[in-house]
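Some notes on the structure that comes next.
The figures that follow rest on heavy atoms only: side chains count, while hydrogens, waters and symmetry mates do not. Below, chains carry the letters A, B, ... as their sequence lines are ordered, and counting in each starts from 1.
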2 protein chains.
Amino acid sequence: MQALTIHQAAETTGWTPRMLRYIERIGLIEPARTESGYRQFGPGELQRLRTLRELLAEHEIGLGDVAFALRMSSDESLSGAVDDWLEATPQRPETVSADEWLEWEQQKHARIIAALTTTKPMETAA
Amino acid sequence: MQALTIHQAAETTGWTPRMLRYIERIGLIEPARTESGYRQFGPGELQRLRTLRELLAEHEIGLGDVAFALRMSSDESLSGAVDDWLEATPQRPETVSADEWLEWEQQKHARIIAALTTTKPMETAA
DNA sequence: GCAACCTTATCAAAGCTGTGTCAAGGTTAG
DNA sequence: CTAACCTTGACACAGCTTTGATAAGGTTGC
């Protein structure tokens, strides 16, 4: 096994050296360094860089999206909060649960009065 | 049941009407409509919008990030591909401390040297 | 039937992303 | 020693995101 320099890695992966530094900067790769600071791209990084290109192309996503996914995967409180938000009331606003309805009823006056000083709520469609 | 108009919903949730339309546009909410096309924000929607603000503020993420998380949660092939890519990541320890980082860098160097056998392209540091 | 909403569509500006390029300086190979 | 690399940092620019403002027209309440 061998390690490639940034230019060599760029050639074999299809990225530019500039982009390899950028991808490292946003946390998606972390090449080893020589003592003098040169990046060393091993087989693992090269494979990751190639599959990264495929990932972006096949799903039309951006580097920032992958960086966010990485952040979610390593920050449990973040992924938990996001997942909770997504799970709550998934689509179809038509369906309001009994609990939500009850809570709404109980706090309706406080909410509406606090929020609406001059107008009234609209009539629900048939 | 009563529903709020977009302006009323904006006031109770802290968003602007403009942003409520934008949030709908990127797929994060889907308010019901009256027969004539007016958006109707029910209790579920309002709660969702409030927690969305908290989510963004507490974790310093953007609407686009949440939209991407939604896309991942509803596109199994996308989330699978992203997760696969992330799993192959040589994750570094959770740390943030400068000291720990430096120490880790040094250790990583040693690890890489052990893993890579020198051949042509680049002299792996001694 | 008018005032005050609502709708969609469009223009605009500020900010972020992705990318190139260049500069100043350190490293390495021949 | 010199050429050809490497490093970080900065300037730049196109394009996309986010957000506001505004216009043209429909709906609703009094």
Side-chain angles (χ1 to χ4, degrees), chain A residues 2-11 13-41 45 49 52-53 55-57 60-71 115-126, chain B residues 2-41 45 49 52-53 55-57 60-71 105 109 118-126:
Chain A
Q2 55 198 32
L4 302 189
T5 66
I6 196 169
H7 267 275
Q8 294 166 343
E11 282 185 32
T13 61
W15 295 101
T16 59
R18 176 68 169 87
M19 286 311 294
L20 292 184
R21 296 196 183 98
Y22 181 68
I23 292 167
E24 177 181 6
R25 196 166 202 290
I26 65 179
L28 298 185
I29 60 171
E30 192 179 319
R33 299 293 185 114
T34 65
E35 286 182 350
S36 56
Y38 283 24
R39 289 174 183 80
Q40 297 179 119
F41 293 81
E45 319 264 21
L49 287 167
L52 179 57
R53 297 194 114 249
L55 182 62
L56 300 190
E60 296 209 7
I61 64 181
L63 291 170
D65 292 325
V66 182
F68 179 66
L70 172 61
R71 198 181 148 197
L116 315 174
T117 53
T118 59
T119 52
K120 292 182 177 181
M122 67 194 298
E123 201 69 26
T124 301
Chain B
Q2 299 175 82
L4 303 189
T5 66
I6 196 168
H7 268 275
Q8 295 164 344
E11 284 187 34
T12 63
T13 62
W15 295 101
T16 59
R18 177 68 171 86
M19 286 310 294
L20 293 184
R21 297 196 182 96
Y22 181 68
I23 292 167
E24 177 182 6
R25 194 163 204 288
I26 64 179
L28 298 185
I29 60 172
E30 190 181 329
R33 300 291 187 118
T34 66
E35 286 181 353
S36 56
Y38 284 24
R39 289 174 183 81
Q40 298 179 118
F41 292 83
E45 248 55 81
L49 288 167
L52 179 58
R53 298 194 113 251
L55 182 62
L56 300 191
E60 296 211 9
I61 63 181
L63 291 170
D65 292 325
V66 182
F68 178 67
L70 172 62
R71 198 182 147 196
E105 281 292 317
H109 186 52
T118 308
T119 13
K120 289 284 175 156
M122 188 178 197
E123 196 74 23
T124 47

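In the set D/dG26, C/dT19, C/dT8, C/dT19 carries the atom at the smallest distance from any side-chain atom of A/Trp15. Listed nucleotides D/dT7, C/dT7, C/dT21 differ in distance to A/Arg18; the shortest reach to its side chain belongs to C/dT21. You'll find that the side chain of A/Leu63 is closest to C/dT19, out of D/dG26, C/dT8, C/dT19. Taking only side-chain atoms of A/Met19, from C-beta outward, the nucleotide of D/dT7, C/dG18, C/dT7 with the closest atom is C/dG18.
Once rounded to the nearest 0.5 Å, the distance linking CH2 of B/Trp15 with CD1 of B/Ile23 reads 4.0 Å.
Between the OH atom of B/Tyr38 and the C1' atom of D/dG29 there is a distance of 11 Å, given to the nearest Å. Whole-Å rounding puts the B/Leu28 CG to D/dT17 P distance at 14 Å. Between B/Phe68 atom CZ and D/dT18 atom C1' there is a gap of 19 Å when expressed in whole angstrom units. Rounded to a whole Å, the CG atom of A/Asp65 is 17 Å from the P atom of C/dC16. Between the C1' atom of C/dT8 and the CD1 atom of B/Ile6 lies a distance of 11 Å, rounded to the nearest Å. Between the CD atom of B/Gln40 and the P atom of C/dT7 there is a distance of 10 Å, rounded to whole Å. A/Leu20 places its CG atom 11 Å from the P atom of C/dT19, with the value rounded to the nearest Å. Remark: P of C/dG18 and CZ of A/Arg21 are 17 Å apart, rounded to the nearest angstrom.
One finds a side-chain N or O of B/Ser36 lying less than 4.0 angstrom from the OP1 or OP2 phosphate oxygen of D/dT28. Of the side-chain N and O atoms in A/Thr16, none sit less than 4.0 angstrom from OP1 or OP2 of C/dT19. Residue B/Arg25 places none of its side-chain N or O atoms closer than 4.0 Å to OP1 or OP2 of C/dA9. In this structure, B/Arg39 reaches the C/dT8 phosphate: one of its side-chain N or O atoms is under 4.0 Å from OP1 or OP2.
Salt bridge annotation for A/Glu45-A/Arg39: absent, with no cationic side-chain nitrogen under 4.0 angstrom from a carboxylate oxygen.
Taking a 6.0 Å sphere around CZ of B/Arg53, one finds it holds more than 12 heavy atoms contributed by other residues, nucleotides or ligands.
You'll find the side chain of A/Leu63 reaches within 4.5 Å of the side chain of A/Leu52, heavy atoms only. Within the 4.5 Å cutoff, no side-chain heavy atoms of B/Val66 are placed close to those of B/Leu70.
Within 3.5 Å, no donor on the side chain of B/Tyr22 pairs with an acceptor on the base of D/dG20, nor the reverse.
Mapping A/Glu24 and B/Ile26 onto DNA chain D by nearest heavy atom places A/Glu24 at the nucleotide closer to the 5' end.
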